[in-house]
Amino acid sequence: MSQKKAVLFIADGLGGRPSDYNGKTCLEAADTPNLDRLADRGINGMLNPLGPGVRPGSDTAHLSLFGYDPEEVYSGRGIFEASGIGMKVQKNDVCFRTNFSTVDKEMEVKDRRAGRIQEGQEKLKEALQDGLELNRYKDLEIIFETSTQHRGALILRGSKLSDKITGTDPHKTDVKVKKCKAVNGSKNVKRTAKIVNKITDRAHELLKDLDVNKDREERGKPPANALLLRGASTPPDIEPFQEKYGLEGVGIAAGALYLGVAKQIGLETRKPEGATGDLDSKIINKAKAAVKELEDGKDFAFIHVKGTDNAAHDHDAEAKKRVIEKIDRAVGYLIDKLDWKNTHLIFSGDHTTPIVYGDHTAEPIPILYRGREVRKDWVDRIGERSSVKGDLGFVNGQEVLPILFNYNNWLEKYGS
Ligand code: ZN
Ligand code: ZN
């Protein structure tokens with residue numbers, strides 16, 4: 001345990017475009033006195049999470065921010081979702097993220113999220129858990145777990161399985177559920193694709209006549225009568241954070257993906273009370289948890305907020321601005337409570353999510369470092385057009401933590 005502390009605060013999809021908000025980005029339009037104070041007293045720059053011109057996924061961007069090369073360790077999102085919702089994942093498990101969805105008799109997708117189903121998921125889960133054993137595959141175990149709304153994860157456990165297969169989610173409506181395909185001709189790959197297609201058919205059989213769904217149909221809601229699978233992946237072979245950096249770290253988040261990434265790199269994880277991973281999240285409780293964990297002996301705390309990205313995916317500029325202002329209040333708490341004699345902090349995002357486009361784009365995002373060894377620059381507020389004038393310049397994802405840890409004198413010297 002070190003006296004020194006490090007904090008990485010990531011607002012998902014923080015970055016924006018001038019089309020967000022009358023010529024300003026949401027971050028520029030938001031009222032952010034506390035973030036501006038950090039920018040004023042810190043050093044500022046712009047972050048390319050995966051390098052210039054690469055559109056980041058949240059999972060790959062976070063791996064990069066933690067100092068890992070996604071090219072080496074990333075095989076798909078399923079493993080992080082499964083792990084993030086608390087499933088005990090074993091080596092060689094093939095993991096998927098799943099959606100309850102609505103299909104018609106021809107297996108044409110009518111609603112990819114089954115109307116963002118809010119209740120009855122436990123019954124759906126029971127039906128799947130009891131009925132999914134596919135008798136022909138003796139050594140195969142199928143494990144299913146629900147998460148929030150339509151979301152869930154599924155694990156295939158057994159021998160002769162592979163994650164080199166495509167997903168079944170067509171990502172649009174009025175087209176059929178996709179057939180899972182083998183990416184190459186190997187026997188195990190083909191076998192796994194066959195199993196996934198069987199699961200898809202069987203899940204529809206098991207779900208379509210359940211009371212939960214009859215109820216939904218009577219009330220004019222789309223039934224959750226199909227299961228879409230995507231992001232097939234096995235646990236990555238990853239050097240644990242603790243060994244890589246020699247630090248005890250904790251990840252504080254609510255979104256399954258982020259808890260999952262944190263777990264897979266070996267961080268302890270916390271989901272504070274009231275933290276939802278959505279617009280209504282009690283972000284302040286994440287700041288409180290971080291302060292407590294650092295006081296209790298952790299060297300490093302990662303704080304993740306998801307609402308910024310969700311609002312942008314929903315094309316809702318006002319909501320994104322509101323989440324940024326809520327983040328600012330949590331940052332105010334950190335300014336008050338962190339031991340600034342010993343702490344260095346980063347505030348940034350994992351990618352840009354513009355309001356009009358509603359999905360991730362490749363523009364760099366503001367990043368700032370604050371702490372007593374940080375040489376302050378002339379930037380006095382956070383924002384896409386102000387932060388770029390800072391002395392930090394442009395940094396890449398994998399450089400982010402080493403730059404932070406350098407301020408704490410935690411780095412090994414290169415050479416003598
Ligand atoms: Zn993201
Ligand atoms: Zn996103």
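As the structure is a prediction and not an experimental result, all values here were calculated from the model. For ligands, and for the atoms within them, numbers begin at 1 and follow the listed sequence.
- To the nearest 10 degrees, the angle centred on the Zn ion (ligand 1) between OD2 in Asp350 and OD2 in Asp12 reads 70°.
- Taking the six-membered ring where the residue is Trp, His62 and Tyr258 present perpendicular rings, their angle passing 60° and hence far from 30°.
- One finds a salt bridge joining Lys321 and Glu325 here, because a Lys/Arg side-chain nitrogen approaches an Asp/Glu carboxylate oxygen to under 4.0 Å.
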Let me check something: any side-chain donor-acceptor pairs from residues 23-31 under 3.5 Å, sequence neighbours excluded? List them with distances.
unit_1: Thr25; atom_1: OG1; unit_2: Leu27; atom_2: N; d: 3.4
unit_1: Thr25; atom_1: OG1; unit_2: Glu28; atom_2: N; d: 3.0
unit_1: Thr25; atom_1: OG1; unit_2: Glu384; atom_2: OE1; d: 2.7
unit_1: Glu28; atom_1: OE1; unit_2: Thr25; atom_2: N; d: 3.0
unit_1: Glu28; atom_1: OE1; unit_2: Arg385; atom_2: NH2; d: 2.6
unit_1: Glu28; atom_1: OE2; unit_2: Arg385; atom_2: N; d: 3.1
unit_1: Glu28; atom_1: OE2; unit_2: Arg385; atom_2: NE; d: 3.0

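- Taking the Zn ion (ligand 2) as the corner point, the angle from His360 atom NE2 to Asp309 atom OD2 is about 130° (rounded to 10 degrees).
- The Zn ion (ligand 1) lies at 2.8 Å or more from every N, O or S atom belonging to His62.
- Contact annotation: Thr353 places no N, O or S atom under 2.8 Å from the Zn ion (ligand 1).
- Among the atoms of Asp359, no N, O or S atom falls under 2.8 Å of the Zn ion (ligand 2).
- Of the residues Lys176, Lys178, Arg97, Arg112, the one that meets the salt bridge (Lys or Arg N to Asp or Glu O under 4.0 Å) test with Asp169 is Arg112.
- Of all non-hydrogen atoms in Ala317 and Asp20, the two that sit nearest each other are CB-O, 3.5 Å.
- Between the Zn ion (ligand 2) and His313 there is an N/O/S contact shorter than 2.8 Å.
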